[in-house]
Participant: 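Quick one: this structure, given as structure tokens, is what I'll be asking you about.
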Amino acid sequence: MHYELKNIILRKGKEESLGRFHPWIFSGAIHHTEGGKLEEGDLVEVLASDGRFLAIGHWQVGSIAVRVLTFKKQPIDQAFWQKRLAAALDVRRAIGVAQMGNVQSSIFNVQCNDIYRLVHGEGDNLPGLVIDVYGSTAVMQAHSVGMHVCRKELAQALKEVMGESLQAIYYKSETTLPFKAQLGQENGFLYGESHDDVAKENGLKFHIDWLKGQKTGFFVDQRDNRALVEHYAKGRKVLNMFCYTGGFSVYAMRGGAELVHSVDSSAKAVELVDANMELNFPGDTRHEAFAEDAFKFMEQAPSNSPRGEEMVNGKRSNGKWPYNLIILDPPAFAKHKDALHNALRGYTKLNCKAFEKIQPGGILFTFSCSQAVNKDQFRMAVFTAAAMAKRKVRILHQLHQPADHPINIYHPEGEYLKGLVLYVE
Ligand code: SAH
């Protein structure tokens, strides 16, 4: 532990947000630094303009200059990481997604579920760190230079906390760390090695490609929302747009859908959906996957107004778009605040197409995972789309991220996943 930390002294009045336990310090709030030249990833002590101790955090270049680890004067050492990770595991046990000794959770059957998020950054008071668990493998991702610097200590602490249930830790931060920091980071195992890539979510099996897949290999955050799709799927014709590994598609199949079409622009994703379908429903012909751009796919599909016979991906459709359950789960349209306006237009355009084309009595699951777009802005974008398409629309459910992606109450920015389930008359 570096007991002699470098200091960051804030401008007068800029300590206010720390008083409310907000874990970020923006670069504009800093007056000066003391104790030597700062290196990216350094632990720093943050002081008010009158020298009062405020917090300890990781410093890096950028608009968020410090990510606060603690508001107490305490060493940031192995014991500190272990305590934070143990607290995160306690939360997952309370939710019922992580095994609790021999006790069965009443909410989830953990035998049927070995995929969960163990650490969700600020939501677990570990800003800059994500850990997803797939069976006996943990995939660790650093989003800050500080967490990258601490990766080995973190891996050691994780081993202590998880015990025998953990066989491997894969570190996957090549694309999540600031490029300019030039850390020369590489993906690789920090502990053990794992090859078995099949994990279970609510009893359904998925190949998880933590080596090459997007994010940590799977979108863990849609678990509860996928279960809701299963609930609505019976007898419906389902279109799963931006399907990636086909999570929603596999649930829709189990829910008794009549037909399920999965669309993703990435050919690799389509391969994954097909593989996951084979794993759960071998030889089932209700499902088909298409490697296509979502907007192009929607342009091709005939609208709901009878216009004689048209083709839907090579099939006769009698002028109707066949789908009466549509899932739109696009990638984040706005990664930063300055992209907000375009992102909102993107959501309106996409949803407008779905409203125009969905069958009467159809159900639309529509999501935004852009952190920069808040719940009200997203709802407004979808409202605009409904009005443009002139459809009668009811909100049935308002969806969000699951409990293993908790939101730190002092960090409302942590609420990133928003969804609406709509009934389209
Ligand atoms: N619904 C998925 C996660 C979606 S992630 C799940 O439950 O796991 C977003 C996906 O959209 C990615 O797989 C990406 O390849 C795909 N994508 C991005 N742009 C696209 C586009 N224009 N058309 C179709 N798919 C696109």
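Any value given below was found using the heavy atoms of this structure, including those in side chains, with hydrogens, waters and symmetry copies removed. The first residue in the sequence is number 1, and the count goes up from there. We count ligands from 1, going down the list as the structure has it; atoms in each ligand are counted the same way.
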Participant: Which atoms of ligand 1 are found less than 4.0 Å from any heavy atom of Ser266?
Facilitator: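 Result: 15 (O).
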Participant: Go through the steps to decide whether Thr348 and Thr384 satisfy the test side chain to side chain donor-acceptor pair (under 3.5 Å), and finish with yes or no.
Facilitator: CA-CA 6 Å; Thr348 297; Thr384 308; 4.8 Å; no
Participant: Under 4.0 Å, counting heavy atoms only: does Gly247 come that close to any atom of ligand 1?
Facilitator: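 For ligand 1, residue contact (heavy atoms, under 4.0 Å) with Gly247 is absent.
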Participant: Tell me, which protein residue and heavy-atom name are nearest atom 5 (S) of ligand 1, and how many Å apart are they?
Facilitator: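 Here the nearest protein heavy atom works out to Phe219 CZ, 3.5 Å.
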Participant: Give the residue, atom name and distance (to 0.1 Å) of the protein heavy atom nearest atom 18 (C) of ligand 1.
Facilitator: Pro331 CG, 3.5 Å
Participant: Nearest heavy atom to atom 7 (O) of ligand 1 wins, so pick from Arg226, Lys215, Lys296, Gln222.
Facilitator: Arg226
Participant: If only side-chain N and O atoms count, and only distance matters, is there a donor-acceptor pair under 3.5 Å linking His148 with Glu40?
Facilitator: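 Note: Glu40 and His148 side chains miss the donor-acceptor criterion.
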Participant: Any salt bridge linking Arg254 with Glu230? Criterion: basic side-chain nitrogen under 4.0 Å from a carboxylate oxygen.
Facilitator: yes
Participant: Applying a strict 4.0 Å limit to heavy atoms, is Gln214 in contact with ligand 1?
Facilitator: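 True for this residue.
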Participant: Which of these, Asn202, Asn225, Asn280, sits in a side chain to side chain donor-acceptor pair (under 3.5 Å) with Tyr251?
Facilitator: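 Among Asn202, Asn225, Asn280, the one meeting side chain to side chain donor-acceptor pair (under 3.5 Å) with Tyr251 is Asn202.
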Participant: Of all the heavy atoms in Val263, does at least one lie under 4.0 Å from an atom in ligand 1?
Facilitator: no
Participant: Quick one: nearest non-hydrogen protein atom to atom 23 (N) of ligand 1, plus distance?
Facilitator: Ala294 N, 2.7 Å
Participant: Please tell me whether Thr366 and Tyr347 have a donor and an acceptor in their side chains that are separated by less than 3.5 angstrom.
Facilitator: no
Participant: Is Phe248 touching ligand 1 with its side chain, its backbone, both, or neither, if touching means heavy atoms under 4.0 Å apart?
Facilitator: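 Phe248 to ligand 1: side-chain contact only, backbone stays beyond 4.0 Å.
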Participant: Counting non-hydrogen protein atoms only, what is the nearest one to atom 10 (C) of ligand 1? Give residue, atom name and distance.
Facilitator: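 It is Asp264 OD2, 3.5 Å.
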Participant: Can Asp132 and Lys215 be counted as an ion pair, charged N to O under 4.0 angstrom?
Facilitator: no
Participant: Answer yes if the ring centres of His287 and Phe281 are under 6.0 angstrom apart, and no otherwise.
Facilitator: no
Participant: Suppose we measure from atom 4 (C) of ligand 1 to each protein heavy atom; which comes out shortest, and what is that distance?
Facilitator: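 Going atom by atom, the protein heavy atom closest to atom 4 (C) of ligand 1 ends up being Phe242 O, 3.2 Å.
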Participant: Which heavy atom of the protein is the closest neighbour of atom 3 (C) of ligand 1, given with residue, atom name and distance?
Facilitator: Asp329 OD2, 3.4 Å
Participant: Using 30° and 60° as the class limits, which term best fits the ring planes of Phe218 and Phe206: parallel, tilted or perpendicular?
Facilitator: tilted
Participant: For atom 20 (C) of ligand 1, what is the nearest protein heavy atom, given as residue, atom name and distance?
Facilitator: Ser265 OG, 3.3 Å
Participant: Under a 4.0 angstrom heavy-atom cut-off, which atoms of ligand 1 come close to Asp293?
Facilitator: 21 (C), 22 (N), 23 (N)
